[in-house]
Protein chains: 2
Amino acid sequence: MKILIIEDEPRVASFIKEGLEEKNYKTEVAYDGLSGEKAAKEPGIDLVILDLVIPGKNGIEVCKSIKSANPDLPVLMLTALGTTADKVTGFDAGADDYLVKPFDFPELLARIKSLLKRKTHTTQQPESLKVADLELDLLRKVAIRGGRVIELTAKEFSLLEYFMRNKGRVLSRVDISEKVWEITYDTGTNVVEVYVNILRKKIDRDFEPKLIHTRIGMGYIFGDQQ
Amino acid sequence: MKILIIEDEPRVASFIKEGLEEKNYKTEVAYDGLSGEKAAKEPGIDLVILDLVIPGKNGIEVCKSIKSANPDLPVLMLTALGTTADKVTGFDAGADDYLVKPFDFPELLARIKSLLKRKTHTTQQPESLKVADLELDLLRKVAIRGGRVIELTAKEFSLLEYFMRNKGRVLSRVDISEKVWEITYDTGTNVVEVYVNILRKKIDRDFEPKLIHTRIGMGYIFGDQQ
DNA sequence: CTTCAATTATCAGAATTTTCATGGGGAAGG
DNA sequence: CCTTCCCCATGAAAATTCTGATAATTGAAG
């Protein structure tokens, strides 16, 4: 779990940073609004701790920007201003929680845990995806099945990830080519079939149960049932 | 949106209740732990405001019980105890947020909005159609009746979906062939009859009540009555 | 109550569509 | 220059969809 801290006061920033790293969270620090906003849009960030008063760009603005780009990324607002009006403004900007300085570190930690728990519980963005006995390592970009590591090319990985994130529902060729190839599907190509075929050889050929199923006239469905 | 308030102090309870109702939330109040726990398990509750100190059963216990029965139901803890230790305990019990008395109503409202927004954002409605004991899973593209999964081809699915979306009204062959086959009905074909026949074998043959009914000279009507 | 025409149900293949599997050419990157 | 990856093209195989013929049912008239 990686947490981005957007805070201009070095003492506060390092206080949080060290406390979190002691609890085995990865951290990243940004000292102003613009660089923080940019950092928040990088992949791999699981939560943002955002000070309301920072140089460069207002914390409220940064929060709105983060939330419009990625609504599922939890933002915990942090500020010395403790009046109700400020809190309401913070929530309206999309913040998921609000903490007033000075605060005790255990409370910060508890609120972070709550936000992350909710996140993994609802929008599950783990480091790997699992379906039946197949695991897709999102960091190493490889698949693992039956104890064997299966290397994947970029397109193969992308297709398998799309399948696994949408297990249990029929995906049409149009869906697949739009999401994985970002093309408008025209009947003149059969890339989807070719790559499904390649994936089958890699992850289904030597294993049971089969995970990629054809639904003729509809598309494909991924999963261990049926 | 309906909010359950578990709070023993009548003044606080009615203060929250009236404030929320002014904002067009429906409310329900329970004055002790046991009745609150029971009320939280009724369907229709979207959020619980839970006082930590209540008679009958400890707030922490009630919270754990609610969360084990329905992890997606947001719980906002409310208490006069403002120490960090208490907050951590509350979060550990599964509370999604924590507010210390005395509080300003706008802040409570802001926190409630935040929790509800998250809920509606994540809990997506399952896409399926139901008529009598027949269910059509629009994601998996299969029918389910009497606990049995019934596989369908593309045309069969399309026809059944059209029937189910228009249950209780007579559909002529012209309607059906235009919507399902996207052809202008000419009397030289009997595809509709053929496919109705196939569907009947799959979803009606082994079950009661019958759902596909012929209206001679008019077309077909779908539903459990007549 | 029977007969008859119109309508609907059923069935077996034929026709069509859809999918699988494979080889090869071109582009990208070391 | 060589390897890897991506996509197109092709034909075979499989499944679905449709046709056309025949059987069954319905409703009305005799």
Side-chain angles (χ1 to χ4, degrees), chain A residues 140-143 149-163 170-207 210-222 226, chain B residues 141-143 150-163 170-207 210-222 226:
Chain A
R140 292 170 57 202
K141 307 263 182 190
V142 294
V149 174
I150 302 166
E151 307 270 354
L152 299 169
T153 71
K155 275 281 178 290
E156 291 160 13
F157 176 84
S158 180
L159 176 61
L160 182 55
E161 181 184 5
Y162 182 58
F163 270 138
V170 173
L171 304 170
S172 71
R173 275 148 238 277
V174 177
D175 292 336
I176 296 171
S177 43
E178 278 177 1
K179 299 286 181 182
V180 178
W181 274 266
E182 293 178 355
I183 56 172
T184 44
Y185 185 75
D186 73 296
T187 47
T189 182
N190 68 339
V191 264
V192 177
E193 275 110 331
V194 171
Y195 271 83
V196 167
N197 185 31
I198 294 171
L199 259 193
R200 274 183 166 144
K201 279 186 194 162
K202 289 200 173 185
I203 66 152
D204 262 356
R205 193 186 188 85
D206 304 331
F207 303 95
K210 304 303 180 202
L211 295 173
I212 302 174
H213 306 274
T214 303
R215 283 299 191 67
I216 292 178
M218 299 170 176
Y220 298 94
I221 186 168
F222 194 89
Q226 276 184 48
Chain B
K141 302 226 185 205
V142 294
I150 302 167
E151 306 262 2
L152 300 169
T153 70
K155 272 282 178 294
E156 292 159 13
F157 177 85
S158 181
L159 176 60
L160 181 54
E161 182 183 4
Y162 182 60
F163 271 138
V170 174
L171 303 170
S172 72
R173 275 149 239 275
V174 177
D175 293 334
I176 296 171
S177 41
E178 279 177 0
K179 300 288 182 182
V180 179
W181 273 265
E182 294 177 353
I183 57 173
T184 43
Y185 184 76
D186 74 295
T187 47
T189 182
N190 68 338
V191 265
V192 177
E193 276 109 332
V194 170
Y195 272 83
V196 167
N197 184 32
I198 294 171
L199 258 193
R200 275 182 166 144
K201 279 187 193 162
K202 290 201 174 185
I203 67 152
D204 262 355
R205 192 186 187 86
D206 304 331
F207 303 95
K210 305 303 181 201
L211 295 173
I212 302 174
H213 307 276
T214 304
R215 285 293 184 74
I216 290 177
M218 298 173 179
Y220 299 94
I221 186 168
F222 194 89
Q226 270 271 344

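By convention in this document, chain letters (A, B, ...) are assigned in the order of the sequence lines, proteins followed by strands, and residues within each chain are numbered from 1.
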What verdict does the side-chain contact (heavy atoms from CB on, under 4.5 Å) test give for B:V196 and B:R200, after you've listed the backbone C-alpha separation in whole Å, the side-chain angles of each residue and the deciding distance to 0.1 Å? CA-CA 6 Å; B:V196 167; B:R200 275 182 166 144; 3.9 Å; yes
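Counting heavy atoms from C-beta on, the side chains of A:R215 and B:E151 come closer than 4.5 Å. The shortest distance between side-chain heavy atoms of B:L199 and B:L152 falls below 4.5 Å.
Rounded to 10°, the helix from C:dC1-D:dG30 to C:dG30-D:dC1 has 20° between the axis fitted to its first five pairs and the one fitted to its last five.
More than 12 heavy atoms of other residues, nucleotides or ligands sit less than 6.0 Å from atom NZ of A:K202. Within 6.0 Å of the CD atom in B:E178, the count of heavy atoms belonging to other residues, nucleotides or ligands exceeds 12.
Here the range on DNA chain D touched by chain B, meaning any atom under 4.0 Å from one of its heavy atoms, is D:dT16 to D:dT26.
For A:F163, the ring pair (Phe, Tyr, Trp, His ring centres under 6.0 Å) partners at least two apart in sequence or on another chain are A:F222. For A:Y195, the ring pair (Phe, Tyr, Trp, His ring centres under 6.0 Å) partners are A:W181, not counting sequence neighbours.
Remark: side-chain polar atoms of A:K210 are paired, donor with acceptor, to backbone N or O of A:F207 under 3.5 angstrom. B:K141 places no side-chain N or O within donor-acceptor distance of the main-chain N or O of B:A154, the cut-off being under 3.5 Å.
The shortest non-hydrogen separation linking B:K179 to B:E182 is O-CG, 4.1 Å. Taking every heavy atom of both residues into account, A:V170 and A:D175 meet most closely at O-OD2, 4.4 Å. Minimum interatomic distance between B:K201 and B:R205 (heavy atoms only, all atoms of both residues): O-CB, 3.2 Å.
Contacts between residues 152-161 of chain B and DNA chain D, defined by a heavy-atom separation under 4.0 Å, are made by B:T153, B:A154, B:K155.
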B/S/- along nucleotides 15-30 of chain C (protein heavy atoms under 4.0 Å) is ---SSSBB--------
